[in-house]
Amino acid sequence: MQQIPALGLGTYRLKEQQVIDSVRNGLELGYRHIDTAQIYGNEAEVGQAIAAGGVPRSELFVTTKIWIDSLSADKLIPSLKESLRKLQMEQVDLTLIHWPSPNDEIQVAEYMAALMEAKAAGLTAQLGVSNFTNAHLQQAMEVVGADQIATNQVEIHPFLQNRKVVDFAREHGIHLTAYMPLAYGKVMTDPVIQEIASKHAANPAQVALAWALQQGFAVIPSSTKRSNLESNLGALQLTLSEQDMAAIAKLERGERLANPDFAPHWD
């Protein structure tokens with residue numbers, strides 16, 4: 001099973017030419033992990049940029065996510081086939097359930113079983129979940145087994161450290177992917193992070209990413225600027241001290257940025 005590359009390129013909120021440019025720049029700079037989703041409305045553009053990018057498919061790790069209107073057993077696989085058509089691929093490396101079904105109208109067992117079918121059919125190499133509470137993750141494990149869940153992709157940044165979810169996933173050997181790792185740029189203006197950055201001759205974004213990477217999370221920051229995409233890669237070379245990590249740990253304030261009206265009851 002291919003490991004999820006630690007630093008990926010997120011494409012949330014990026015549309016049309018913007019996402020084509022971001023993915024193209026990312027591939028040129030060395031990114032090999034690209035994260036998209038059905039609801040982003042950019043799978044076709046992501047596919048176009050990858051097709052034109054010249055990087056062999058075998059070197060890429062591409063993730064997409066099933067939206068809440070396609071979670072039922074009769075819709076999940078057809079929706080994934082449509083995603084593959086848009087992406088111009090026969091298989092994605094990872095397919096996630098984007099959110100649990102609102103109010104659990106569709107049971108976790110139904111869509112996890114459908115996702116396992118999609119894997120068996122060769123449509124996705126791996127499967128996982130996103131925005132799952134511990135209760136949802138427990139149900140998912142009961143259906144497919146913890147070893148089948150490649151990751152739980154959740155919001156994690158210095159101001160929302162999601163420790164209950166992190167601890168529960170780790171207890172069961174499930175990897176975590178941190179989305180919004182820069183808290184929509186809020187890390188850039190935090191004095192504690194700024195001070196750590198200046199000590200390491202780094203920038204605050206690199207510090208926030210290194211903080212997540214050092215905990216074993218994958219991170220998927222997005223950017224429309226080539227210079228930022230390049231700079232973010234610098235986080236892979238940055239090692240924070242125990243004191244740095246402890247100082248950032250104190251920034252937790254439960255500041256959740258992704259909280260739509262259909263979100264589950266968070267841990």
Side-chain angles (χ1 to χ4, degrees), residues 2-14 19 21-36 53 55 59-63 93-94 130 150-163 165-166 169-170 175-253 255 257-258:
Q2 194 184 353
Q3 204 172 354
I4 299 170
L7 184 56
L9 180 67
T11 62
Y12 176 54
R13 288 185 161 181
L14 304 185
V19 77
D21 292 344
S22 181
V23 172
R24 190 190 67 233
N25 283 325
L27 293 175
E28 285 174 6
L29 291 165
Y31 284 84
R32 294 295 178 263
H33 172 188
I34 311 292
D35 181 280
T36 182
V55 177
E59 292 178 19
L60 295 174
F61 191 98
V62 180
T63 302
D93 299 281
L94 177 60
S130 179
T151 199
N152 184 12
Q153 185 181 121
V154 291
E155 181 180 346
I156 299 176
H157 47 74
F159 316 122
L160 179 77
Q161 299 184 19
N162 233 329
R163 289 178 189 147
V165 168
V166 170
R170 281 185 174 149
H175 175 268
L176 291 143
T177 300
Y179 73 74
M180 290 184 191
L182 306 179
Y184 282 151
K186 290 187 180 187
V187 299
M188 306 304 284
T189 55
D190 182 85
V192 173
I193 296 174
Q194 285 177 335
E195 189 179 336
I196 293 169
S198 63
K199 188 172 73 177
H200 289 277
N203 64 42
Q206 290 169 335
V207 169
L209 295 173
W211 168 80
L213 290 166
Q214 268 177 241
Q215 295 178 74
F217 310 148
V219 289
I220 46 168
S222 64
S223 181
T224 55
K225 293 181 179 165
R226 186 182 173 102
S227 58
N228 289 346
L229 290 170
E230 188 168 16
S231 168
N232 288 346
L233 288 170
L236 293 166
Q237 273 71 55
L238 178 59
T239 304
L240 302 180
S241 69
E242 281 181 32
Q243 291 90 335
D244 297 334
M245 296 294 284
I248 297 171
K250 290 179 186 159
L251 299 177
E252 163 66 52
R253 55 187 188 223
E255 188 174 336
L257 301 172

Checking side-chain polar atoms at under 3.5 Å, does Ser241 have a donor or acceptor matched by the opposite partner on Asp244?
yes
Short side-chain to backbone donor-acceptor contact, [X] and [Y], under 3.5 Å:
X	Y	result
Asp93	Gln2	no
Thr11	Leu14	no
Asn162	Val165	no
His200	Ala202	no
Glu155	Leu160	no
Gln161	Ile248	yes
Thr151	Thr177	yes
Asp35	Leu9	no
Gln206	Ser231	yes
Ser223	Asn228	no

Indicate yes or no: does Lys225 engage Glu230 in a salt bridge with an N to O separation below 4.0 Å.
no
Does this structure show an ion pair linking Asp21 with Arg226, if we count only N-O contacts that are shorter than 4.0 Å?
no
Which heavy atom in His157 sits nearest to a heavy atom in Pro181, and how many Å separate them?
CB-O, 3.5 Å
Measure across Gly26 and Leu229 and return the closest heavy-atom pair with its distance rounded to 0.1 Å.
N-CD1, 4.1 Å
Between [X] and [Y], is any pair of side-chain heavy atoms under 4.5 Å apart?
X	Y	answer
Leu213	Leu238	no
Trp211	Leu251	no
Val192	Lys250	no
Pro158	Asp190	no
Phe159	Leu257	no

Taking it one step at a time, do Ile4 and Leu94 satisfy side-chain contact (heavy atoms from CB on, under 4.5 Å)?
CA-CA 9 Å; Ile4 299 170; Leu94 177 60; 4.0 Å; yes
Straight-line distance of [X] [atom1] to [Y] [atom2], nearest 0.5 Å:
X	Y	atom1	atom2	result
Leu240	Gln214	CG	CD	4.5 Å
Asn203	Met188	CG	CE	5.0 Å
Leu7	Leu236	CG	CG	5.0 Å

Answer yes or no: are there more than 12 heavy-atom neighbours, outside Gln3 itself, under 6.0 Å from its atom CD?
no
Around atom CD of Glu195, are there more than 12 heavy atoms from other residues, nucleotides or ligands closer than 6.0 Å?
no
Can you tell me how the ring of His33 sits relative to the ring of Phe61, calling it parallel under 30°, perpendicular over 60° and tilted otherwise?
perpendicular
